[in-house]
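These numbers come from the heavy atoms of this one structure, side chains and all, not from hydrogens, waters or symmetry mates. We number each residue from 1, following the sequence as shown. Note that the structure is a prediction, hence the values are computed from the model and not measured.
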Amino acid sequence: MAALVIPTLWTARLRLEPLTMAHSAGMFGLGSGEEVCRYAGPAVDADSLPIGIPAATSADSDRIIDFFVRRAGAGLGFRWALLTEPDGIFVGALGFNHLGPCPELAYHLHPDAWGQGLMAEACRAGLAWVSGASQVQAFIDPANIASIKLAERLGFRTSGEMVGQALRYVTDL
């Protein structure tokens, strides 16, 4: 696949810009938090080597950034950094683990930004951007009630299918 051209998107309160190493400090702040990573599945780097979650060092979270930069370069998936407007504070990451006929949406938000509707706002922008698919999927741990509520607000519904420790949710585009 060809490299992705990932646009910067704006919402009322956020700027979604392609995730790069410039977001290293923000990603470490996000990825080192136990409460953020509690329901995250296993992570691997671009060489398929495991990455400890939560991230123990910024080098660990930088390997996650590198993974998504390389996936974008291969046209396979990517992440946006979520930055508040107008101050540019890093509050999370959103993107697609996989693209194609049924892209896989994934998101993480810093606890300081929970309960403000920011991730719903970001997800709506990301879902409006994705094209070439009739459905989008997300895999959510059944214990992650907040993420399930968000997915349902966005129009996702459970497929009833468990994949590893996660329940598959889908929405029509």
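When atom types are taken as modelled, the side chain of T84 and the backbone of I89 share a donor-acceptor pair closer than 3.5 angstrom. The backbone N or O of L9 lies less than 3.5 Å from no partner atom in the side chain of W80, so there is not a single donor-acceptor pair. Side-chain N or O atoms of S32 include none that pairs as donor or acceptor with a backbone N or O of A55 at under 3.5 Å. Of the possible donor and acceptor atoms, none in the side chain of S147 sits under 3.5 Å from a partner among the backbone N and O of N144.
Among the candidates L154, I148, L150, the single residue satisfying the side chain to side chain contact (heavy atoms under 4.5 Å, CB included) test with E152 is I148.
Here the CD1 atom belonging to I65 is positioned 13.0 Å from the CG atom belonging to D45, to the nearest 0.5 angstrom. Remark: M119 CE to H110 NE2 distance equals 12.0 Å, nearest 0.5 Å. Note that the CE atom of M21 and the OG atom of S61 stand 8.5 Å from one another [nearest 0.5 Å].
The shortest side-chain heavy-atom distance between F68 and P18 does not fall under the 4.5 Å cut-off. Inter-residue side-chain proximity for L105 and F96 is flagged as met; some heavy-atom pair is nearer than 4.5 Å. The side-chain heavy atoms of M27 and L19, taken from C-beta on, include a pair separated by under 4.5 Å. Two residues are said to be in side-chain contact when any heavy atoms from C-beta on lie closer than 4.5 Å; L16 and W10 fail this criterion. Side-chain contact between E35 and P54 is absent, with no heavy-atom pair separated by less than 4.5 Å. In this structure, the side chains of L167 and E161 stay at 4.5 Å or more apart for every pair of heavy atoms. For the pair D62/S24, a side-chain contact is recorded, criterion being any heavy-atom separation below 4.5 Å from C-beta on. The shortest distance between side-chain heavy atoms of L49 and V44 does not fall below 4.5 Å.
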Run L82 and L118 through side chain to side chain contact (heavy atoms under 4.5 Å, CB included) and show every step you take. CA-CA 9 Å; L82 307 181; L118 291 172; over 6 Å; no
Could you walk me through whether L76 and N97 pass the side chain to side chain contact (heavy atoms under 4.5 Å, CB included) test, one step at a time? CA-CA 8 Å; L76 300 172; N97 288 339; over 6 Å; no
Using side-chain hydrogen bond (donor to acceptor under 3.5 Å, both in side chains), reason through D172 and Q135 one step at a time and then give a plain yes or no. CA-CA 4 Å; D172 296 326; Q135 286 189 324; 3.0 Å; yes
With side chain to side chain contact (heavy atoms under 4.5 Å, CB included) as the criterion, how do L109 and W114 come out once you've worked through the C-alpha distance, each side chain's angles and the decisive distance to 0.1 Å? CA-CA 7 Å; L109 190 66; W114 288 357; 3.9 Å; yes
Can you check side chain to side chain contact (heavy atoms under 4.5 Å, CB included) on C123 and L94, steps first, answer last? CA-CA 7 Å; C123 284; L94 162 78; 3.7 Å; yes
side-chain hydrogen bond (donor to acceptor under 3.5 Å, both in side chains) between H98 and Q137, worked out: CA-CA 10 Å; H98 306 284; Q137 62 187 344; over 6 Å; no
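Pairing each heavy atom of Y169 with each of I140, the nearest pair is CD1-CD1, 3.9 Å. The nearest pair of heavy atoms linking P103 to V130 is CG-CG2, 3.9 Å. The two residues G95 and R79 make their nearest non-hydrogen contact at N-CD, 3.7 Å. Residue G88 comes nearest to R15 through the heavy atom pair CA-NH2, 4.3 Å, listed as atom of the first residue, atom of the second, then distance. L127 and L173 make their closest contact through O-CD2, 4.2 Å (heavy atoms, listed as atom of the first residue, atom of the second, distance). Heavy-atom minimum distance, E121 versus L14: OE2-N, 3.8 Å.
Note on F156 and M162: same hydrophobic cluster, where clusters join Ile, Leu, Val, Met, Phe, Trp and Tyr whose side-chain heavy atoms are under 4.5 Å apart, directly or indirectly. Cluster membership check: I6 shares its hydrophobic cluster with Y107, using side-chain heavy-atom separations under 4.5 Å among Ile, Leu, Val, Met, Phe, Trp and Tyr. The hydrophobic clustering, which links ILVMFWY residues whose side-chain heavy atoms are closer than 4.5 Å, places V69 and F67 together.
Salt bridge annotation for E85-R13: absent, with no cationic side-chain nitrogen under 4.0 angstrom from a carboxylate oxygen. No salt bridge links R71 with D66; every basic N to acidic carboxylate O contact stays at or beyond 4.0 Å. Of the charged side-chain nitrogens involved, at least one lies within less than 4.0 Å of a carboxylate oxygen, so that R63 and D60 count as a salt-bridged pair.
Checked against the 6.0 Å centroid threshold, F78 and W129 count as a close aromatic pair.
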